[in-house]
Structure formats: structure tokens, C-alpha cells
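Encoded as C-alpha cells, the structure appears first; notes follow it.
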Protein chains: 2
Amino acid sequence: MGFDLEGADPLCIQLADELERRIRTGVYAPGRRIPSASDLCEEFSVSRQTSNSALKLLKERGLARGVSGRGTFVVDDVPEPS
Amino acid sequence: MGFDLEGADPLCIQLADELERRIRTGVYAPGRRIPSASDLCEEFSVSRQTSNSALKLLKERGLARGVSGRGTFVVDDVPEPS
DNA sequence: GCCCATTTGTACGTATGTATG
DNA sequence: GCATACATACGTACAAATGGG
């Protein structure tokens, strides 16, 4: 099934890294919707606050944008890794 | 009321010993939550740092495990005294 | 237009864990 | 040992936006 977050980094960072990996490997394609914060809670067994923080990090990295009431979407042009 | 810490050992050790006694006598049952560090501060009139150190000792003794944002819990299988 | 479920976004209180003086 | 501060995380709650019926 899912994925285990067990590293030393904060959970929200680990989760953001995993989501970034999925974007870069095409699991979440450009323009497509990322699972909702609530869905991520279940998959990764974290609180919604933590998935929220992870999604926020993705936006700060320029990888996703949130649309209130609809979801969080991968940007059309994924920037290179910094 | 509660309990007085007046022995020769460091406070955090005395507090850890008392908590271990409570675990072994079933006051804190396996899987149940131990009062928070802040609660222990009040009961034993020590600083949060000291209750923190005591809880850390409990974890090192394999008697408890901490869950960030939720509390410190007695392990399901309490090991024999060393 | 009006409910209702879903989702993002924000906020508050509590708790652990760590670091500094 | 104590006091304080900060980062992270959980639980809960609520507002606002969206879209289907």
C-alpha cells in the first residue's frame, strides 16, 4: 500500500518530499489534481494539519496551486529542482 | 495529595522512579496515556523540563513511548525490571 | 436561487521535543 | 534544575469557495 514516514525530518517535510517525488515521476501529472488533504491524512496516517503543511510547502516550491473548494493541482510547468 | 520528591537522587530520577512504580502497580495501565509533562509539573511541583527528563528516562527504560501532539503512553508490553 | 457535500484555508488549544540562558 | 522560547504535530472547529441536485 502507501508509504511510511519514518525519517528524522519533520513529518510535513517528509510528506512534501514524497509528493514532490510523485510529481517529478509523473504519478501526479501537470495540471492534474493532487489527492485532497483529507485523503493524504488517511494514506499517510497524519493529521490534516500536517498534510496541509505539506501541500503548503509544495505551493511554496512552485509545484502546486490550491483552488479553494476544488482541490490542489500540479502546476502546468513544473520547475526544475533547486 | 500526590507525592513528595525529597530523596537524594536527582529530581528527574526520583520522578521517573515514581512513574515507573505507577506503571508497575497498574496505576498507569499498558497502552494508556501518562499525564502530560505539564500535568506532572503541577502534581510534583517541578519544571516541565524535569518532567520531560523523567518521561525521557521512562522511554529509555522501554516503559513508555511519546507521540508528538498527543501524549506519552505506557507501552503495551511492559518489560521486566532490570 | 437554495441546500448539501467536498475542499481549501485559517485558527486555537494542547502536547512533545529541543535548545538556550 | 529552572524559566523561557521555539518548532513540530495532533485534534477540533469554523469560514469561504465550488459544484451537483
Side-chain angles (χ1 to χ4, degrees), chain A residues 2-20 22-23 28-76, chain B residues 2-20 22-23 28-76:
Chain A
F3 189 80
D4 273 344
L5 304 177
E6 292 187 5
D9 283 335
L11 278 181
C12 59
I13 306 277
Q14 293 183 61
L15 180 49
D17 288 347
E18 168 62 11
L19 295 178
E20 174 165 354
R22 291 187 180 182
I23 290 172
Y28 304 148
R32 296 295 300 276
R33 217 192 112 218
I34 294 170
S36 75
S38 301
D39 287 341
L40 295 175
C41 296
E42 293 202 6
E43 177 174 0
F44 295 94
S45 299
V46 296
S47 73
R48 196 167 87 74
Q49 288 309 91
T50 302
S51 7
N52 232 343
S53 301
L55 291 173
K56 191 175 176 185
L57 283 169
L58 280 192
K59 292 167 212 157
E60 289 169 4
R61 294 177 188 178
L63 295 167
R65 68 183 218 290
V67 182
S68 189
R70 301 217 8 247
T72 304
F73 298 81
V74 181
V75 295
D76 292 327
Chain B
F3 189 79
D4 274 344
L5 302 176
E6 293 186 2
D9 283 335
L11 275 182
C12 58
I13 306 278
Q14 293 182 59
L15 180 48
D17 288 346
E18 168 62 11
L19 295 178
E20 175 165 354
R22 291 187 181 183
I23 290 173
Y28 303 147
R32 298 295 301 274
R33 217 192 113 222
I34 296 171
S36 75
S38 301
D39 287 341
L40 295 175
C41 296
E42 293 201 6
E43 177 175 359
F44 295 96
S45 300
V46 295
S47 75
R48 197 167 85 74
Q49 288 310 91
T50 302
S51 8
N52 234 343
S53 301
L55 290 173
K56 190 176 176 185
L57 283 168
L58 280 191
K59 292 168 211 156
E60 288 168 5
R61 294 177 188 176
L63 296 168
R65 70 183 215 291
V67 181
S68 187
R70 294 215 296 128
T72 304
F73 298 81
V74 181
V75 294
D76 290 327

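Order of the sequence lines sets the chain letters (A, B, ...), proteins ahead of strands, with each chain counted from 1. Everything quoted here is computed from the prediction, not taken from an experiment.
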Nucleotide [N], atom [atom2] - distance to [atom1] of [X] in whole Å:
| X | N | atom1 | atom2 | value |
| --- | --- | --- | --- | --- |
| A/Asp39 | C/dT7 | CG | P | 6 Å |
| A/Arg33 | C/dT7 | CZ | C1' | 8 Å |
| B/Phe73 | C/dA15 | CZ | P | 11 Å |
| B/Asn52 | D/dA7 | CG | P | 18 Å |
| B/Phe44 | D/dC2 | CZ | P | 13 Å |
| B/Glu42 | D/dC2 | CD | C1' | 16 Å |
| B/Ile34 | C/dG17 | CD1 | P | 11 Å |

Q | Test side-chain hydrogen bond (donor to acceptor under 3.5 Å, both in side chains) applied to B/Thr50 - qualifying residues, sequence neighbours left out | A |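 B/Thr50 satisfies side-chain hydrogen bond (donor to acceptor under 3.5 Å, both in side chains) with B/Ser47 once adjacent residues are dropped.
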Q. Can you name the residues that form a side-chain hydrogen bond (donor to acceptor under 3.5 Å, both in side chains) with A/Glu18, not counting sequence neighbours?
A.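 Scan of A/Glu18 (side-chain hydrogen bond (donor to acceptor under 3.5 Å, both in side chains), adjacent residues dropped) gives A/Arg21, A/Arg22.
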Expected list for residues 57-72 of chain B: side-chain donor-acceptor pairs under 3.5 angstrom, two or more places apart:
unit_1  : atom_1 : unit_2  : atom_2 : d
B/Arg61 : NH1    : B/Asp17 : OD1    : 3.1
B/Arg61 : NH1    : B/Glu20 : OE1    : 2.7
B/Arg61 : NH2    : B/Asp17 : OD1    : 3.0

Q: Would you name the heavy atoms of A/Cys12 and A/Ala54 that are closest together and state the gap between them?
A: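 Closest heavy-atom pair between A/Cys12 and A/Ala54: O-CB, 3.6 Å.
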Q) Within the structure, does a side-chain N or O atom of B/Thr72 lie under 4.0 Å from either OP1 or OP2 of C/dT16? A)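 Answer is yes, contact under 4.0 Å.
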Q. Residues in side chain to side chain contact (heavy atoms under 4.5 Å, CB included) with B/Glu42, at least two apart?
A.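 Listed in chain order: nothing, the list is empty.
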Q. Can you name the side chain to side chain contact (heavy atoms under 4.5 Å, CB included) partners of B/Ser45, sequence neighbours left out?
A.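 B/Ser45 satisfies side chain to side chain contact (heavy atoms under 4.5 Å, CB included) with no other residue.
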(Q) Checking A/Leu19 against A/Leu55 for the side chain to side chain contact (heavy atoms under 4.5 Å, CB included) test, could you report, in this order, the C-alpha distance in whole Å, the side-chain angles of both residues, the deciding distance, and whether it holds? (A) CA-CA 8 Å; A/Leu19 295 178; A/Leu55 291 173; 4.1 Å; yes
Q | Residues touching DNA chain D, which here means a heavy atom under 4.0 Å, drawn from residues 54-66 of chain A | A |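 Here the set is empty: none.
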Which pairs of donor and acceptor atoms, one on a side chain in residues 29-39 of chain A, lie under 3.5 Å apart (sequence neighbours left out)?
unit_1  : atom_1 : unit_2  : atom_2 : d
A/Ser36 : OG     : A/Ser38 : N      : 3.4
A/Ser36 : OG     : A/Asp39 : N      : 3.1
A/Ser36 : OG     : A/Asp39 : OD2    : 3.4

Detail all sub-3.5 Å separations between protein N/O atoms and N/O atoms belonging to nucleotides 19-21 of chain C.
unit_1 : atom_1 : unit_2  : atom_2 : d
C/dA19 : N6     : B/Gln49 : OE1    : 3.3
C/dA19 : N6     : B/Gln49 : NE2    : 2.7

Under 3.5 Å, N/O pairs linking protein and nucleotides 15-21 of chain D:
unit_1 : atom_1 : unit_2  : atom_2 : d
D/dA17 : O4'    : A/Ser68 : OG     : 3.4

Q: Quick one: pull up CD in A/Glu43 and CG in A/Leu15 and give me the separation to the nearest 0.5 Å.
A: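 Separation between the atoms: 8.5 Å.
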Q: Tell me what B/Ser53 touches on the nucleic acid: a base, only sugar-phosphate, or nothing, going by heavy atoms under 4.0 Å.
A: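 B/Ser53: no heavy atom of the nucleic acid under 4.0 Å.
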Q) Pick the nucleotide of DNA chain D nearest each of A/Pro10 and B/Ser47; which residue has the one closer to the 5' end? A)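 Residue closer to the 5' terminus by nearest nucleotide: B/Ser47.
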